[in-house]
Amino acid sequence: MTTSNPKAALYLRSSKDRGDVAIDAQRRRLMELARTRGITIIKEYSDVVESAKTEYRPKLQALLRDMNSPNRQWSTLMMLDHSRLS
């Protein structure tokens, strides 16, 4: 019996006021975490310099649509910390 690796999506969001959360830095950290845990990243949602004060971030909206889709190909969502989402 073969077991498949869990499949995940990344949500990345940079901020105008926080230089320590650049998209590339978030991606590197999450990809390394996924690699060490045997998780395959198959989708990425990136909102570049978007304010968390609005929920109408383009990639966040795409993520929310995909989360509700019965055809979604991933079961895990990874982000650097919950402040990237909220």
Side-chain angles (χ1 to χ4, degrees):
M1 173 194 254
T2 21
T3 59
S4 64
N5 291 357
K7 293 180 177 58
L10 302 180
Y11 180 68
L12 313 168
R13 181 180 62 81
S14 63
S15 302
K16 289 186 238 182
D17 58 341
R18 288 193 52 199
D20 63 328
V21 290
I23 295 287
D24 287 339
Q26 292 175 63
R27 183 182 298 112
R28 278 191 304 275
R29 288 177 65 186
L30 292 169
M31 294 297 282
E32 178 61 21
L33 178 63
R35 185 189 65 73
T36 63
R37 301 219 174 148
I39 298 170
T40 303
I41 304 300
I42 63 166
K43 184 89 176 183
E44 180 179 307
Y45 304 88
S46 300
D47 281 316
V48 180
V49 192
E50 293 288 340
S51 171
K53 294 177 182 172
T54 179
E55 65 187 56
Y56 299 105
R57 292 171 259 157
K59 296 302 180 174
L60 174 61
Q61 291 304 308
L63 167 65
L64 295 174
R65 280 190 302 277
D66 287 353
M67 284 179 74
N68 292 313
S69 170
N71 300 320
R72 183 178 76 212
Q73 300 287 314
W74 48 271
S75 59
T76 302
L77 178 62
M78 298 176 71
M79 64 194 77
L80 186 61
D81 63 50
H82 69 280
S83 71
R84 298 297 86 210
L85 189 58
S86 60

>> K43: which residues meet the salt bridge (Lys or Arg N to Asp or Glu O under 4.0 Å) condition with it, sequence neighbours left out?
In response: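 Applying salt bridge (Lys or Arg N to Asp or Glu O under 4.0 Å) to K43 gives D66.
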> R35: what forms a side chain to side chain contact (heavy atoms under 4.5 Å, CB included) with it, not counting sequence neighbours?
Replying inline: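 E32.
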>> Among residues at least two apart in sequence or on other chains, which ones pass side chain to side chain contact (heavy atoms under 4.5 Å, CB included) with D24?
In response: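 D24: side chain to side chain contact (heavy atoms under 4.5 Å, CB included) contacts with R27, R28.
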> So how far is it from Q61 CD to Y45 OH, rounded to the nearest 0.5 Å?
Replying inline: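 The CD atom of Q61 sits 12.0 Å away from the OH atom of Y45.
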>> How long is the straight-line distance from CG of L10 back to CD1 of I23, given to the nearest 0.5 Å?
In response: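 Interatomic distance, I23 CD1 to L10 CG, rounded to 0.5 Å: 10.0 Å.
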> Counting only N and O atoms by type, is there a donor-acceptor contact under 3.5 Å from the side chain of D47 to the main-chain atoms of K59?
Replying inline: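 Looks like yes, one N/O pair under 3.5 Å.
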Please output the side-chain donor-acceptor pairs of residues 70-80 that fall under 3.5 Å, not counting sequence neighbours, one pair per line with the distance.
from: R72; atom 1: NE; to: W74; atom 2: O; distance (Å): 2.7
from: R72; atom 1: NH1; to: M67; atom 2: O; distance (Å): 2.7
from: Q73; atom 1: NE2; to: N71; atom 2: O; distance (Å): 3.2

> Nearest heavy-atom pair of G38 and P6: which atoms, and what distance?
Replying inline: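 Closest approach of G38 to P6, heavy atoms only: O-CD, 3.3 Å.
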> After noting the C-alpha distance and the side-chain angles of L30 and I41, does the key distance pass the side chain to side chain contact (heavy atoms under 4.5 Å, CB included) rule?
Replying inline: CA-CA 9 Å; L30 292 169; I41 304 300; over 6 Å; no
